[in-house]
Protein chains: 2
Amino acid sequence: MPSDAPFPDEHNHAICMSQALGNAAKLCLQRGVRLTPLRLQVLELVWRSHKPLGAYTILENLQTAQGRRAAPPTVYRALDFLLAQGLIHRIASLNAFIGCLHPEATHVGQFLICEHCGNAIELDTPEITNCIMQRAEILGFVVKSQTIEISGRCAHCQARYAS
Amino acid sequence: MPSDAPFPDEHNHAICMSQALGNAAKLCLQRGVRLTPLRLQVLELVWRSHKPLGAYTILENLQTAQGRRAAPPTVYRALDFLLAQGLIHRIASLNAFIGCLHPEATHVGQFLICEHCGNAIELDTPEITNCIMQRAEILGFVVKSQTIEISGRCAHCQARYAS
DNA sequence: TTAAAAAAGTTATAATATAACATAATCAGT
DNA sequence: ACTGATTATGTTATATTATAACTTTTTTAA
Ligand SMILES: [Zn+2]
Ligand SMILES: [Zn+2]
Ligand SMILES: [Zn+2]
Ligand SMILES: [Zn+2]
């Protein structure tokens, strides 16, 4: 069974998460946008792990004030806000969402997704983008957004569950 | 309004399509798998243009023998077969399917998708793959599949509808 | 204080995809 | 050709993901 340990083998995810949440609060303050309790809660849920999380999983784990179960638009609107602020990325190949590691600057998301443990590692590799931009430019194609999602097996799972 | 002309400005899509279908028939024969009338029809529908096509759009355009409307599994199973044979690619960011330009060799799909005309241009750029593989290797990540989908504006639409 | 704007609640439904089981067509060995 | 196994398709129901449309609440700003 894959370990539930988040992400790189030895990494204190509590710190990882609190940094991300603190950073998000700071950025929203700077930008004059409101990281409301609901949005913060959704962001916290997304940051509970490094595994992309589906909207309906988030919904199930959402604690509303009155104990009533929230409806889908509640979650999708919060996700839309977080996406717009670059605080999360959407993983198209999984219909899921994951916290962004570098929300301060807009950038394209590049992910290595382990099929075994489910963790997604966000890359920040300009070479990949450059390579794509170069090829696009030759064809006169103007790039607006990029979906780069690589599936496979992470080093961690490769080592433990060689198959 | 975007032109409905398929793909690069001047290109005879009838030839483009019949080559793809002929090639598909040949490959299936070689491989000993059956390109049944249903599967062929789905492939034809996908090849009608260079715009990724949704499963339910295919379903609407499917002509069944008895004139009865086919059910979703019919289309999804045909699509699964075509995907398995590498005759089409799935575009995750659009939940849609498109004919493959190089079905003879397994390869990762790389697409430039025009947001204006909807056409998707399949790239065959080893540099992009190499770049990704290199980065993955450094991290000990073993790549199994790649989703590379670049959205923007194609040269054709860039020239005609400069915004 | 109060009108406008933004956020969240609510209900219904759209769009995409699959599970499970029944029937039909094809194939391989006789 | 016959027959059982395999593959493909039909059929029904349902799961999963996402959005439309409208209402109420909260926040902002004059
Ligand atoms: Zn972490
Ligand atoms: Zn990011
Ligand atoms: Zn063509
Ligand atoms: Zn291809």
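Values below: all heavy atoms of this structure, side chains included; hydrogens, waters and symmetry mates excluded. Proteins get letters first, then strands, A, B, ... in listed order; numbering begins at 1 in each.
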Subject >> Separation of atom CG in B/Leu38 from atom P in D/dT7, rounded to whole Å >> reply: 18 Å

Subject >> With B/Gln146 via side-chain hydrogen bond (donor to acceptor under 3.5 Å, both in side chains) - residues at least two apart >> reply: none

Original post:
In residues 88-99 of chain B, what residues come within less than 4.0 Å of DNA chain D, judged by heavy atoms?
Top reply: none

**OP:** Check A/Lys144 against B/Gly152 and note the closest heavy-atom contact, atom names and distance.
**Re:** CG-CA, 3.5 Å

Original post:
Is it true that the side chains of A/Gln110 and A/Asp124 contain a donor and an acceptor less than 3.5 Å apart?
Top reply: no

Original post:
For B/Gln19, what residues pass the side-chain hydrogen bond (donor to acceptor under 3.5 Å, both in side chains) criterion, not counting sequence neighbours?
Top reply: none

Subject >> side-chain hydrogen bond (donor to acceptor under 3.5 Å, both in side chains) partners of residues 132-143 of chain A, not counting sequence neighbours, each pair once >> reply: A/Arg135-B/Thr125

Original post:
In whole Å, what is the span from the CZ atom of A/Arg69 to the C1' atom of C/dT10?
Top reply: 15 Å

Going by atom type alone, with no hydrogens or angles, which donor-acceptor pairs under 3.5 Å involve a side-chain atom of residues 24-38 of chain A and a protein atom two or more places apart or on another chain?
| from | atom 1 | to | atom 2 | distance (Å) |
| --- | --- | --- | --- | --- |
| A/Arg31 | NH1 | A/Gln85 | O | 2.8 |
| A/Arg31 | NH1 | A/Gln85 | OE1 | 3.0 |
| A/Arg31 | NH2 | A/Pro103 | O | 3.1 |
| A/Thr36 | OG1 | A/Arg39 | N | 3.3 |

**OP:** Keeping to residues at least two apart or across chains, list the ring-ring contact (aromatic ring centres under 6.0 Å, His included) pairs with something in residues 15-48 of chain B.
**Re:** B/Trp47-B/His50

Subject >> Integer-rounded Å distance: C/dT26 C1' and B/Leu35 CG >> reply: 15 Å

Original post:
How far does the helix from C/dT1-D/dA30 to C/dT30-D/dA1 bend, going by the axes of its first and last five pairs, to the nearest 10°?
Top reply: 40°

Original post:
Can you check the A/Gln41 CD to C/dA7 P distance for me, whole Å?
Top reply: 17 Å

Original post:
What one-letter contact string describes nucleotides 23-30 of chain D from 5' to 3', where B marks a base within less than 4.0 Å of any protein heavy atom, S marks contact via sugar-phosphate atoms alone, and - marks no contact?
Top reply: ----SS--

Original post:
Between A/Leu53 (CG) and D/dT17 (P), how many Å, whole number?
Top reply: 11 Å

**OP:** Compare every heavy atom of A/Phe141 with every heavy atom of B/Cys154, then report the nearest pair and how far apart it is.
**Re:** CA-CD1, 3.5 Å

Subject >> Proximity to DNA chain D (any heavy atom under 4.0 Å), residues of residues 74-83 of chain B only >> reply: B/Thr74, B/Arg77

**OP:** Report yes or no: does A/Lys51 contribute a side-chain atom to a donor-acceptor pair with the main-chain N or O of A/Cys117 at less than 3.5 Å?
**Re:** yes

Side-chain polar contacts of residues 54-62 of chain A - donor-acceptor pairs under 3.5 angstrom, sequence neighbours left out - could you list them?
| from | atom 1 | to | atom 2 | distance (Å) |
| --- | --- | --- | --- | --- |
| A/Asn61 | ND2 | A/Thr57 | O | 2.7 |

Subject >> Shared-cluster residues of A/Ile15, by chain and number - hydrophobic side chains joined below 4.5 Å >> reply: none

Subject >> For atom CD of B/Gln63 and atom P of D/dT9, their distance in whole Å >> reply: 17 Å

Subject >> Nearest-nucleotide 5' precedence on DNA chain D, B/Pro37 against A/Pro73 >> reply: B/Pro37

Original post:
Is A/Tyr56 stacked on the base of D/dT16, with ring centres under 5.5 Å apart and planes under 30° apart?
Top reply: no

Original post:
Out of curiosity, A/Ile150 CD1 to B/Ile132 CD1, how far, rounded to the nearest 0.5 Å?
Top reply: 4.0 Å

Donor-acceptor contacts under 3.5 Å from residues 86-102 of chain B side chains, at least two apart:
| from | atom 1 | to | atom 2 | distance (Å) |
| --- | --- | --- | --- | --- |
| B/His89 | NE2 | B/His107 | NE2 | 3.1 |
| B/His89 | NE2 | B/Glu122 | OE2 | 3.1 |
| B/Arg90 | NH2 | B/Asn95 | OD1 | 3.1 |
| B/Ser93 | OG | B/Glu149 | OE1 | 2.5 |

